[in-house]
Amino acid sequence: MTEHTPNTNTPETAGPEPFEAEDWIRTFAVAPPEHVDLPPHHPHCLGCGPANPHGHQLRVRRDAHGVYAHHSFDSRHVGAPAIAHGGAVATVLDDLFGFLLYTVGELAVTRHLAIDYLAPVLLDTPYTLRSHIHSRAGRKLHLRATIENNHAHVVTTATALFLIVDIDHFLTPRHNASAATAPTTHEDQQGPQMDSP
Ligand SMILES: CCCCCCCCCCCCCC(=O)SCCNC(=O)CCNC(=O)[C@H](O)C(C)(C)COP(=O)(O)OP(=O)(O)OC[C@H]1O[C@@H](n2cnc3c(N)ncnc32)[C@H](O)[C@@H]1OP(=O)(O)O
């Protein structure tokens, strides 16, 4: 992987520009430890792309434990009145997990994402999001995250399994999509879990 280009984190107002997946993926690199501000995955990423007007434009930094971000959801992300849509919260957490890859230095994608919505995430309210690597076993990255409000009250927790993939995963996405076959879930592989009568 090559050195990534510096990120100014400046929102762009122009519409989406076409970009080649090959160019994009080859710009990824391990972010050197002195780089506290991490670059967006790409300009139009739904979670962090500064050029995506529909996105969350997440700004993520790293610390000694993992990565973190300060973020507020707004009226674009409303579910129930005044409350962020659970899918919007999931989007942001999934993207936050994706920033840990800069510290791992591997390409990986979400295989499993689980979220506990402990309390409503309110619109126009500042939150702190944190994520860290819980463990790694081969190509499996077990990740954890929290969202807490300004009173240090945790409102959401999440766990994810990211699987390290080869660069071809991104260069030939249509081929990979058609290659998928059942079983598709971990439960399928383990067999159904039945409650005792
Ligand atoms: C510096 C670098 C930066 C890079 C940034 C990149 C961009 C980041 C952008 C970030 C944006 C945000 C992020 C995004 O939006 S990422 C986009 C959303 N995610 C995807 O599109 C991924 C789609 N899925 C796939 O392509 C395939 O399924 C992949 C490639 C992931 C795996 O297909 P593959 O056929 O290879 O593997 P497998 O399915 O047999 O499973 C493999 C292993 O995993 C185990 N397993 C499965 N489920 C569970 C479970 N629940 N608990 C515990 N274990 C579980 C399973 O038993 C097996 O174990 P084993 O039998 O091998 O021991």
Side-chain angles (χ1 to χ4, degrees), residues 9 11 16 38-63 65-104 108-135 140-163 165 169-170 173 177 180 182-190 192-195:
N9 276 341
L38 297 170
H41 295 122
H42 61 79
H44 306 292
C45 177
L46 179 63
C48 58
N52 187 336
H54 308 291
H56 295 269
Q57 302 182 344
L58 206 58
R59 305 283 196 273
V60 181
R61 310 188 89 205
R62 77 154 126 210
D63 61 15
H65 309 287
V67 297
Y68 69 96
H70 301 294
H71 189 64
S72 295
F73 294 87
D74 60 47
S75 57
R76 296 171 301 159
H77 316 123
V78 66
I83 296 174
H85 195 289
V89 175
T91 296
V92 166
L93 286 168
D94 192 23
D95 203 65
L96 184 73
F97 283 132
F99 277 87
L100 287 169
L101 304 180
Y102 286 117
T103 68
V104 176
V109 291
T110 319
R111 178 61 171 82
H112 184 76
L113 177 65
I115 299 178
D116 279 307
Y117 298 95
L118 305 174
V121 176
L122 305 177
L123 299 186
D124 304 314
T125 303
Y127 289 97
T128 300
L129 293 64
R130 301 182 201 280
S131 178
H132 69 277
I133 299 168
H134 176 66
S135 63
K140 299 177 190 172
L141 302 173
H142 296 274
L143 312 176
R144 294 190 174 173
T146 58
I147 301 177
E148 66 181 49
N149 64 20
N150 274 355
H151 306 288
H153 180 69
V154 174
V155 295
T156 313
T157 61
T159 62
L161 172 67
F162 270 50
L163 284 183
V165 293
H169 178 92
F170 300 97
T184 56
T185 70
H186 195 55
E187 284 170 6
D188 287 340
Q189 296 156 14
Q190 300 283 310
Q193 307 235 329
M194 306 286 284
D195 290 336

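All heavy atoms count here, side chains included; hydrogens, waters and symmetry mates do not.
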Is the count of non-hydrogen atoms from other residues, nucleotides or ligands lying under 6.0 Å from His132 atom NE2 greater than 12? yes
Identify the two heavy atoms, one from [X] and one from [Y], that lie closest to each other, and give their separation to 0.1 Å.
X	Y	result
Ala90	Leu113	O-CD2, 4.2 Å
Ala152	Glu148	CA-OE2, 4.0 Å
Leu96	Ala145	CD2-CB, 4.5 Å
His142	Leu161	CE1-CD1, 3.7 Å
Cys48	Pro40	O-CB, 3.4 Å
Pro126	Asn150	CG-ND2, 3.3 Å

Between [atom1] of [X] and [atom2] of [Y], what distance do you get to the nearest 0.5 Å?
X	Y	atom1	atom2	answer
Thr146	Tyr127	OG1	OH	13.0 Å
Leu38	Tyr68	CG	OH	10.0 Å
Thr159	Arg144	OG1	CZ	7.5 Å
His41	Leu101	NE2	CG	6.0 Å
Leu163	Leu141	CG	CG	8.0 Å
Ile83	Leu122	CD1	CG	6.5 Å

Heavy-atom check, side chain of [X] versus side chain of [Y], under 4.5 Å:
X	Y	result
Phe170	Val109	yes
Ile133	Leu143	yes
Arg130	Val67	no
Phe162	Leu100	no
His77	His56	yes

How are the rings of Phe99 and Tyr102 set relative to one another: parallel (under 30°), tilted (30 to 60°) or perpendicular (over 60°)? tilted
On the 0 to 90° scale, with breaks at 30° and 60°, tag the His44-His42 ring pair as parallel, tilted or perpendicular. tilted
Between Ser72 and Thr125, is there a donor-acceptor pair closer than 3.5 Å when you use the side chain of the first and the backbone of the second? yes
Asp116 side chain to Leu118 backbone, donor-acceptor under 3.5 Å: no
Looking at Asp95, Thr91, Asp94, which one forms a side-chain contact (heavy atoms from CB on, under 4.5 Å) with Leu46? Thr91
